[in-house]
Amino acid sequence: MRKKRVLIVGGTGYLGQHLLQSFAENPDGNFPVALAFTHYSAPLPDTLLNAIPHALPFHVDLRTGDGLDAISDAFGQPDVVINCAALSVPRVCEMDPVAAMSINVPTSLVKWLSSFIEEILLIHLSTDQVYEGTKSFYKEDDEAVPVNVYGKSKVEAERYISANCRNFAILRSSIIYGPQTVSPVLKSLPIQWMDSVLAKGESMDFFHDEFRCPVFVNDVVAVIQILTNQWISEAKQVQLLLNVGGPDRLSRAQMAEAVAHIRGYSTSLIKPVSASSIDRGVRSPSDISMDISKLVQQTGFSPTSYSEGVRLTLESG
């Protein structure tokens, strides 16, 4: 059997690294995999290369498409492409909307994929910030009314993919949390940051009136593995839009309280404040909790509760 080719775009990021490790180990797969990934920053960390020695790295600039043809030549046509690459800090997107659109709307990637003859599944990571945030538990067919540039760039990406890809699964992800990656990412991870702050024994402000459905990284990986397996085994057209969140609707204060309970810190250190009390340089939606019933129905997996995900994260060190 020919190995199925899986390309992870943005393989050095947080989710990308977790996906690389999962596909390299392939514990749940029923097919052999050839693995490749793209990166923009250089040089690549040895810790990552040593952890996934059989994965082929490619330097790619998604804004221009430079580097994609090298994948065609050295790796061949992928069967599944998972796009994790994004400019994902809302404040940064607000300051440079041109960069946000050029990176987050994958025009060069989609055009490259359209050059192949065989069918390819594009799994694209979107965000819960496509929603306006004026109610709870958004469903996929609710209108997308983003309030910031980051959300607008992601909506535009969804529209572009839907119009130009024959096979796609767009995953609207909430905050992704979990263990650190094999090559530590530079960005602050939510649970680890909360743990480090509370461990100092000093009080800290946490928003009590912004709500998300934080999702355990292993769950996101599992969803992508399931969709990949379904695509390869069934070989039928896929056009999916799925909310990918955890089962719990939580504020930042509630997220911090769960960390405190598990670690044994005093919850009096957590000072609930309104999100409107701090100027973050970007508008943020108030409640973008999501209904994930369609996700569960499509994949059949059981999402990890937030408290259990926090426990697993902290146990991992």
Side-chain angles (χ1 to χ4, degrees), residues 2-26 29 31-88 99-126 153 157 160-161 164-171 181-187 217 220-221 224-225 227-228 231-232:
R2 177 181 72 81
K3 286 187 176 181
K4 300 300 181 182
R5 300 187 187 103
V6 175
L7 172 65
I8 298 173
V9 179
T12 56
Y14 182 71
L15 177 58
Q17 288 195 48
H18 279 284
L19 283 167
L20 280 171
Q21 281 198 285
S22 177
F23 275 101
E25 297 162 0
N26 202 25
F31 51 87
V33 168
L35 196 58
F37 66 97
T38 76
H39 63 97
Y40 181 67
S41 57
L44 285 171
D46 289 337
T47 49
L48 179 60
L49 294 174
N50 293 336
I52 47 163
H54 301 297
L56 293 177
F58 293 93
H59 183 270
V60 171
D61 187 339
L62 287 177
R63 296 169 296 182
T64 62
D66 289 347
L68 290 171
D69 287 340
I71 302 175
S72 306
D73 297 337
F75 186 63
Q77 175 185 319
D79 295 283
V80 178
V81 175
I82 305 160
N83 183 25
C84 308
L87 190 62
S88 59
M101 288 293 177
S102 65
I103 295 171
N104 292 348
V105 183
T107 51
S108 60
L109 177 65
V110 170
K111 288 175 181 177
W112 176 68
L113 294 179
S114 67
S115 69
F116 294 105
I117 297 173
E118 299 296 325
E119 299 282 343
I120 300 170
L121 173 64
L122 173 62
I123 300 176
H124 176 80
L125 270 292
S126 189
S153 71
Y160 186 82
I161 290 167
N164 293 282
C165 288
R166 175 173 162 80
N167 297 287
F168 60 84
I170 295 169
L171 310 182
T181 47
V182 61
S183 175
V185 292
L186 296 177
K187 73 172 185 177
V217 67
V220 183
V221 170
I224 291 171
Q225 285 270 16
L227 293 174
T228 298
W231 163 253
I232 289 173

Shortest non-hydrogen contact from [X] toward [Y]:
X: Tyr160; Y: Lys111; value: OH-CE, 3.6 Å
X: Asn104; Y: Ser153; value: ND2-OG, 2.9 Å
X: Leu20; Y: Ala55; value: CD2-CB, 4.5 Å
X: Cys165; Y: Leu122; value: SG-CD2, 3.9 Å
X: Ile52; Y: Ala24; value: CG2-CB, 3.8 Å
X: Thr47; Y: Ser183; value: OG1-CB, 3.3 Å

_Listed partners of Trp112 passing side-chain hydrogen bond (donor to acceptor under 3.5 Å, both in side chains), at least two apart_ = Ser72

*With Asp61, which residues qualify under side-chain hydrogen bond (donor to acceptor under 3.5 Å, both in side chains), at least two apart?*
Arg63

Roughly how far apart are [X] [atom1] and [Y] [atom2], rounded to 0.5 Å?
X: Ile8; Y: Thr38; atom1: CD1; atom2: OG1; answer: 9.5 Å
X: Cys84; Y: Ile123; atom1: SG; atom2: CD1; answer: 9.0 Å
X: Phe23; Y: Leu7; atom1: CZ; atom2: CG; answer: 11.0 Å
X: Leu62; Y: Leu68; atom1: CG; atom2: CG; answer: 6.5 Å
X: Gln17; Y: Phe37; atom1: CD; atom2: CZ; answer: 8.5 Å
X: Glu119; Y: Asn167; atom1: CD; atom2: CG; answer: 5.0 Å

May I ask you to test the [X]-[Y] pair for a side-chain heavy-atom distance under 4.5 Å?
X: His18; Y: Thr181; answer: yes
X: Pro106; Y: Ile161; answer: yes
X: Lys4; Y: Pro32; answer: no
X: Ile82; Y: Val6; answer: yes

Polar side-chain atom of [X] near backbone of [Y] as donor-acceptor pair, under 3.5 Å:
X: His59; Y: Tyr40; value: yes
X: Gln77; Y: Phe116; value: no
X: Trp231; Y: Ile120; value: no
X: Ser22; Y: Leu19; value: no
X: Arg5; Y: Val80; value: no

*asked:* Go through it in stages, so that I can follow the logic: the residues are Leu44 and His39, the test is side-chain contact (heavy atoms from CB on, under 4.5 Å), and I'd like the CA-CA distance, side-chain angles, deciding distance and then a yes or no.
replied: CA-CA 8 Å; Leu44 285 171; His39 63 97; 3.5 Å; yes

*Residues that Ala70 engages under side chain to side chain contact (heavy atoms under 4.5 Å, CB included), provided they are two or more places apart*: Phe58

*side-chain contact (heavy atoms from CB on, under 4.5 Å) between Val60 and Leu109, worked out*: CA-CA 10 Å; Val60 171; Leu109 177 65; over 6 Å; no

*asked:* Determine whether Asn83 and Leu125 satisfy the following criterion, side-chain contact (heavy atoms from CB on, under 4.5 Å), listing intermediate values before the conclusion.
replied: CA-CA 6 Å; Asn83 183 25; Leu125 270 292; over 6 Å; no

